[in-house]
Chemist: 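Let me begin by handing over the structure; questions about it come next.
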Amino acid sequence: MVPAAVLSSPAIYQKPTIAPSRGRAAGIVESWTVALVLAGLIALHVAYAFVYRVDSDEPQHLHVVWGVAQGLVQYRDIFDNHSPLFQMLCAPLMAAIGEHAWIVIPMRMAMTPLYIADLLLVWLIARSLYPRQWAPWMAIVTGCVPLFFLVTTEFRPDDLWTTLWLAAVWVAVGGPLEGRRAFLFGLLMGFCFSVSMKTMLLFAAAGTAGAGLLALHALSRRKLELRALLKNGGLILTGLVIVPGLLVAFFAAHGPVALRQMYYCVIQHNFTPGLGKGAKAGFHLWLFPLSLAPLFGLGWLCMHSSADERIGGGRALIAMTCVAYYFLLRSYWPLVTTQDAEPMLPLLALSVLPFLFHLLSLPKWNVRAAIPAAAALLLAVEAALIWRMQSPLDNKVIPFNQDLAAVLRLTNPTDLVMDGKGESIFRNRPIYWVLEGVTIKRIQLGLIPDDVKEKIINTSTCVALDHRLRGQDSDWLHQNFLEGDHKVWVAGKKLGPVRPTIAFHTDIQARYSIVSDKGKLAGKLDGAPLRDSQQIAAGDHLLELNSGAGNVALVWSQALERGFSPFAKATPEDSE
């Protein structure tokens, strides 16, 4: 952070010495500048919702939301290893939109109000702790931090989680954390838990920062009232359990299986032994304990950066929580992902930007010109980094939409589709599990049966997306499915060039057609006349051809009838 003497300088609160009329004019210009820049930032955020590449987590969340919208009970009927509130809230919107290949766009657009709320909350927090003219620029610069900007573009629970967390921070620093304010803080943290179990890190970080503040107050010989602390702590805990308690009651009302599966999916599944950093002890376990001493030193500097005890305490709480969360995440959370930083980045900006803005507020600078100029420079750098990560002119949503459109065209709503994490969104899967990192680890440990192939065979699943199948499962799929356009695989296989007898084997029972790329075939299948379409059981079969030319393929009839071509992708055997 910065020396207390610097932050507590009276210059921080001094207004520029300029003529009143000129000051009003400059203020109007700055207000319009802020409004235009903010409008441009939000417009850019909306634009990226249409073009930014689809993260594998997004269809996973969309598939669960679709399942809830269809009346399925989360966890019991459809797997999910996230807290349920976000999916429940999004289900009515998805039900209203309906089944479309472009579903990711409107569902991403639903995240835009949360992004705007984030900017508003950063502005409110900054305005309560720093000079008011800084607040809008701090909010805008925060909103353009590349990682924050892009992650909030995606459809994911972390967006709602971050908004609720910032609301809790605003409540915590806006006044004494006691009485109704303490209860409201706990209630908001309960909402956070209901969206993401990673809230335990935020709660631990906020608790560490709060304990640090109390210790610093004690060192300053300020009298602490134990009775008041216990009362307000009780109010926080009371608010904390309300929403999670209601959700637990909801699933309990759907029967013991639903409640048991909720516990398994949200808690037991995610805490897999040997997962990520949990696989071995290392220096990472000491990162958080070693950070405590500098963390409390940082808190002391921030606490004494203002003569106002509330303002100094609020600054300290934000900075200490930010640092504590980072080291808790790096020390103990098994799998660290990009989106885990989303709730931390606004706190980081609220801790770093004031130092820069204070330096620009020194008497030798023109206050009204220097801060907007510095903010503009930061925004330019951030926008360049965003552009470098992905240009807004490069639409990477189109391939995902094409894949999904192909699945929807080839299948009926009742057809099963094998995918890795729910990429088919509107179709049920032959397996309960989602093949993400935690599930794969549990399969490797023998905690979950590795029966993907058996499930596909037993359910006669005839369409697959080969995104996450591994090893033998992937090899088997390639032997029993035909690759089409847009990464969609259909049950069938290439049988090579026409010849009098062709022996083949299929593992999946389904209605098939045997076709050639050179016209109609005539002959017998297993001694019976060859028809345009017929039910073929799993096992060995013999095809006897009387006439025909070209290359032969076995293909799921429904896909063939809906435009799928088994010869769209040439293979060496086609030219034999």
Side-chain angles (χ1 to χ4, degrees), residues 59 99-103 398-420 422-430 452-453 456-457 459-469 473-498 502 504-521 525 530-538 541 543 545 548-576:
E99 183 179 297
H100 300 284
W102 39 261
I103 186 65
I398 290 177
F400 178 83
N401 291 348
Q402 291 174 335
D403 291 354
L404 182 55
V407 170
L408 298 182
R409 184 183 74 252
L410 296 175
T411 61
N412 297 318
T414 56
D415 292 330
L416 300 179
V417 176
M418 178 62 213
D419 56 33
E423 291 86 355
S424 57
I425 298 179
F426 300 101
R427 298 294 181 261
N428 283 314
R429 311 165 72 242
V452 173
K453 182 180 75 172
I456 294 175
I457 293 172
T459 58
S460 296
T461 298
C462 292
V463 177
L465 297 172
D466 184 22
H467 290 303
R468 288 180 166 261
L469 292 182
D473 290 336
S474 180
D475 294 339
W476 173 84
L477 182 78
H478 294 170
Q479 294 167 8
N480 290 272
F481 282 71
L482 294 165
E483 183 181 8
D485 294 330
H486 311 303
K487 302 177 183 177
V488 177
W489 292 71
V490 168
K493 59 177 55 183
K494 300 286 182 68
L495 302 181
V498 168
I502 300 175
F504 66 91
H505 177 90
T506 181
D507 283 337
I508 300 175
Q509 176 176 306
R511 184 170 62 91
Y512 288 100
S513 297
I514 298 178
V515 295
S516 166
D517 60 350
K518 299 297 184 181
K520 190 174 179 63
L521 298 172
L525 177 64
L530 181 65
R531 298 192 297 270
D532 291 339
S533 173
Q534 58 201 102
Q535 191 77 13
I536 298 179
H541 301 277
L543 174 64
L545 295 176
N551 295 293
V552 183
L554 174 76
V555 59
W556 183 44
S557 298
Q558 180 173 303
L560 190 69
E561 294 160 359
R562 299 185 183 189
F564 179 87
S565 172
F567 308 107
K569 292 183 176 292
T571 62
E573 67 179 0
D574 294 332
S575 58
E576 292 179 0

Chemist: Drop me the distance from T506's OG1 to F481's CZ, to the nearest 0.5 angstrom.
Modeler: 8.5 Å
Chemist: Can you measure from CD (E423) to CG (L404) and round to the nearest 0.5 angstrom?
Modeler: 10.0 Å
Chemist: Compare all side-chain heavy atoms of L525 with those of H541 and state whether any distance is below 4.5 angstrom.
Modeler: yes
Chemist: Are more than 12 heavy atoms, taken from residues, nucleotides or ligands other than D475, located less than 6.0 Å from that residue's CG atom?
Modeler: yes
Chemist: What do the steps show when you test I514 against I502 for side-chain contact (heavy atoms from CB on, under 4.5 Å), and what is the final call?
Modeler: CA-CA 11 Å; I514 298 178; I502 300 175; over 6 Å; no
Chemist: Drop me the distance from Y512's OH to R531's CZ, to the nearest 0.5 angstrom.
Modeler: 15.5 Å
Chemist: Any donor and acceptor pair, going by atom type alone, linking the side chain of S557 with main-chain N or O of R511 inside 3.5 Å?
Modeler: yes
Chemist: Let's go through N412 and R562 carefully: what are the C-alpha distance in whole Å and the side-chain angles of both, what is the deciding distance for side-chain contact (heavy atoms from CB on, under 4.5 Å) to 0.1 Å, and is it a yes or a no?
Modeler: CA-CA 11 Å; N412 297 318; R562 299 185 183 189; 2.6 Å; yes
Chemist: Would you say the side chain of L521 lies within less than 4.5 Å of the side chain of V552, judging by non-hydrogen atoms?
Modeler: yes
Chemist: Any sub-3.5 Å donor-acceptor pair from S460's side-chain atoms to Q509's backbone N or O?
Modeler: yes
Chemist: Set out, in order, the CA-CA distance, both residues' side-chain angles and the distance that settles salt bridge (Lys or Arg N to Asp or Glu O under 4.0 Å) for R427 and E99, then state yes or no.
Modeler: CA-CA 10 Å; R427 298 294 181 261; E99 183 179 297; 3.0 Å; yes
Chemist: So, the side chain of D403 versus the backbone of F400: is there a donor-acceptor pair under 3.5 Å, distance only?
Modeler: no
Chemist: Can you check whether K493 reaches L495 side chain to side chain, under 4.5 Å on heavy atoms?
Modeler: yes
Chemist: Return the CH2 to CD1 distance between W476 and I456, rounded to the nearest 0.5 Å.
Modeler: 4.5 Å
Chemist: Does any part of the side chain of L465, heavy atoms only, come nearer than 4.5 Å to the side chain of V488, both counted from C-beta?
Modeler: yes
